[in-house]
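Okay, so here's the structure we're looking at.
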Amino acid sequence: MTEDQYRSLATDYHWYFDDVALFLGSDTPGGRAAMSALKPGARVLDAACGIGVDVSALLRRGFNVDASDASEEMVVAARQRLRGAGADGPNVVTSTWANLPTNFEPERFDAVFCIGNSIAHAPDAEAAIAAFEAFRSVLAPGGMLVLDTHDWELVHNMGSRVEIEPGIVERDGTRCLRTYSWHVPAAFGDPHVLEIAPIFVDGDRAVLRSYPVTMWPFTRAELKRRLRAAGFASIALDAIPGDERYTATARRPKRDHP
């Protein structure tokens with residue numbers, strides 16, 4: 001994840017979570033199953049924490065949570081959100097994925113969560129494998145990596161388009177219509193751009209703000225190959241035919257079962 005793409009978005013990103021989502025976080029079937037596999041008090045790293053929505057959700061489930069994000073502005077927003085919720089315990093740091101081993105002790109975590117389609121910010125296989133190797137180094141033997149991502153083959157096949165989230169979110173007298181614009185190139189391997197474009201409505205006035213975010217797609221087979229190359233095993237995808245997102249889980253092998 002690159003800081004430049006998220007510097008200004010940090011202020012408006014909360015609008016893309018309705019009040020239920022702000023409480024539950026990224027509440028996908030695969031994510032819930034992964035969380036259910038962890039014991040209360042498990043040490044968890046949110047390695048793409050954004051504004052801290054999922055950190056709060058993980059804390060409410062009774063986990064011992066730390067967090068990181070490559071965007072300093074997102075980290076500031078996450079810290080503010082956690083303080084507002086009375087949760088001062090998590091250590092939230094600004095860090096690229098590759099630098100996680102310099103910010104956290106080796107083998108510290110029982111699970112690393114990298115969700116919200118974040119891994120697509122790795123621009124190529126080399127960068128993704130480097131990120132996975134960093135995740136592996138901070139995972140305890142037998143620890144679990146959880147990735148939530150778009151099904152990029154489906155996204156690509158749907159082509160360029162505009163999507164509008166159902167319902168208008170209203171907070172403190174401000175109303176927001178949440179829209180996205182996908183800019184999909186002809187070649188699958190070229191970068192795909194998701195323009196996050198909230199529209200703020202005040203009476204008969206509407207203001208559009210635009211935040212283009214670049215992502216690099218990958219197939220499910222490529223994701224599995226990259227995880228294996230980084231030393232992960234027990235790789236599973238919860239992909240549902242026709243679903244735009246899926247969750248991948250993988251394990252750092254135990255020392256006695258390399």
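The model shown is predicted, which means the values in this text are computed figures rather than measured ones.
The main-chain N or O of Ala134 is never found under 3.5 Å from a side-chain atom of Trp97 such that the two would form a donor-acceptor pair. Ser68 contributes no side-chain N or O that, together with a main-chain N or O of Val93, makes up a donor-acceptor pair within less than 3.5 Å. Side-chain atoms of Arg205 never come within 3.5 Å of backbone atoms of Gly203 as a donor-acceptor pair (strictly under, hydrogens ignored). Under a 3.5 Å cut-off, the side chain of Tyr180 and the backbone N or O of Pro198 do not form any donor-acceptor pair. Using modelled atom types, no side-chain atom of Arg251 and backbone atom of Ala233 make a donor-acceptor pair closer than 3.5 Å. At distances below 3.5 Å, not a single donor-acceptor pair connects side-chain atoms of Arg61 with backbone N or O atoms of Met35. With hydrogens and angles disregarded, no donor-acceptor distance shorter than 3.5 Å links the side chain of Arg252 to the backbone of Gly143. Using modelled atom types, no side-chain atom of Arg226 and backbone atom of Ala221 make a donor-acceptor pair closer than 3.5 Å. Counting only distance, with no hydrogens or angles, the side chain of Asn91 and the backbone of Asp66 share no donor-acceptor pair below 3.5 Å. Of the possible polar contacts, none joining the Arg245 side chain to the Asp148 backbone as a donor-acceptor pair under 3.5 Å is found.
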- Just do the side-chain contact (heavy atoms from CB on, under 4.5 Å) check on Thr28 and Ile115 with the steps written out, would you? CA-CA 10 Å; Thr28 63; Ile115 50 185; over 6 Å; no
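Within a 6.0 Å sphere centred on CG of Asp202, heavy atoms belonging to other residues, nucleotides or ligands number 12 at most. Other residues, nucleotides and ligands place no more than 12 heavy atoms under 6.0 Å from the CD atom of Glu126.
Judged as a side chain to side chain donor-acceptor pair (under 3.5 Å), and not counting sequence neighbours, the contacts of Asn99 are Thr96. Under the salt bridge (Lys or Arg N to Asp or Glu O under 4.0 Å) criterion, Arg228 pairs with no residue, sequence neighbours left out.
Looking at heavy atoms from C-beta onward, Pro217 lies out of side-chain contact with Val155 at the 4.5 angstrom threshold. Glu73 places none of its side-chain heavy atoms less than 4.5 Å from the side chain of Tyr6. Residues Leu82 and Ser56 have side chains in contact (heavy-atom distance under 4.5 Å, counting atoms from C-beta outward). Looking only at side-chain heavy atoms (C-beta outward), Pro141 and Glu107 come within less than 4.5 Å of each other. You'll find the side chain of Leu223 reaches within 4.5 Å of the side chain of Phe132, heavy atoms only.
The OH atom of Tyr211 lies 6.5 Å from the OG1 atom of Thr11; values are rounded to the nearest 0.5 Å. Taking CZ of Phe104 as the start and OG of Ser137 as the end, the distance is 11.0 Å to the nearest 0.5 Å. For the atom pair Asp18 CG and Leu24 CG, the distance stands at 9.0 Å (nearest 0.5 Å). Taking NE2 of His183 as the reference point, atom NE2 of His192 lies at 12.0 Å (rounded to 0.5 Å). Expressed to the nearest 0.5 Å, how far CZ of Phe232 lies from CD of Glu133 amounts to 9.5 Å. For the atom pair Glu165 CD and Leu177 CG, the distance stands at 9.5 Å (nearest 0.5 Å).
Counting only residues at least two apart or on different chains, the side chain to side chain donor-acceptor pair (under 3.5 Å) pairs with a member in residues 41-52 are Arg43-Asp110.
Listed by chain and number, the hydrophobic cluster partners of Val76 come to none, as no ILVMFWY side chain reaches under 4.5 Å of it. Members clustered with Met158: Leu154, by chain and number, using a 4.5 Å side-chain heavy-atom cutoff among hydrophobic residues.
Met74 and Leu100 fall within the same hydrophobic cluster, defined by Ile, Leu, Val, Met, Phe, Trp and Tyr side-chain heavy atoms under 4.5 Å apart, directly or through other members. Both Ile119 and Val53 belong to a single network of hydrophobic side chains, linked directly or stepwise wherever heavy atoms of I, L, V, M, F, W or Y lie under 4.5 Å apart. Phe113 and Phe135 fall into different hydrophobic clusters, where Ile, Leu, Val, Met, Phe, Trp and Tyr side chains are chained together by heavy-atom contacts under 4.5 Å. Val65 and Leu22 end up in different hydrophobic clusters when Ile, Leu, Val, Met, Phe, Trp and Tyr side chains are linked at under 4.5 Å. One hydrophobic cluster, built from ILVMFWY side chains closer than 4.5 Å, cannot hold both Leu45 and Leu58; they sit in different ones.
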May I have the list of side-chain donor-acceptor pairs in residues 234-242 shorter than 3.5 Å, sequence neighbours left out?
from, atom 1, to, atom 2, distance (Å)
Asp238, OD1, Thr247, N, 2.5
Asp238, OD2, Gly30, N, 3.1

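Under the side chain to side chain contact (heavy atoms under 4.5 Å, CB included) rule, Cys114 has a single partner from Leu147, Thr149, Val146, which is Leu147.
Side-chain N/O atoms of Arg171 and His14 include a donor and acceptor closer than 3.5 Å. Of the N and O atoms on the side chains of Glu195 and Ser210, at least one donor lies less than 3.5 Å from an acceptor on the other residue.
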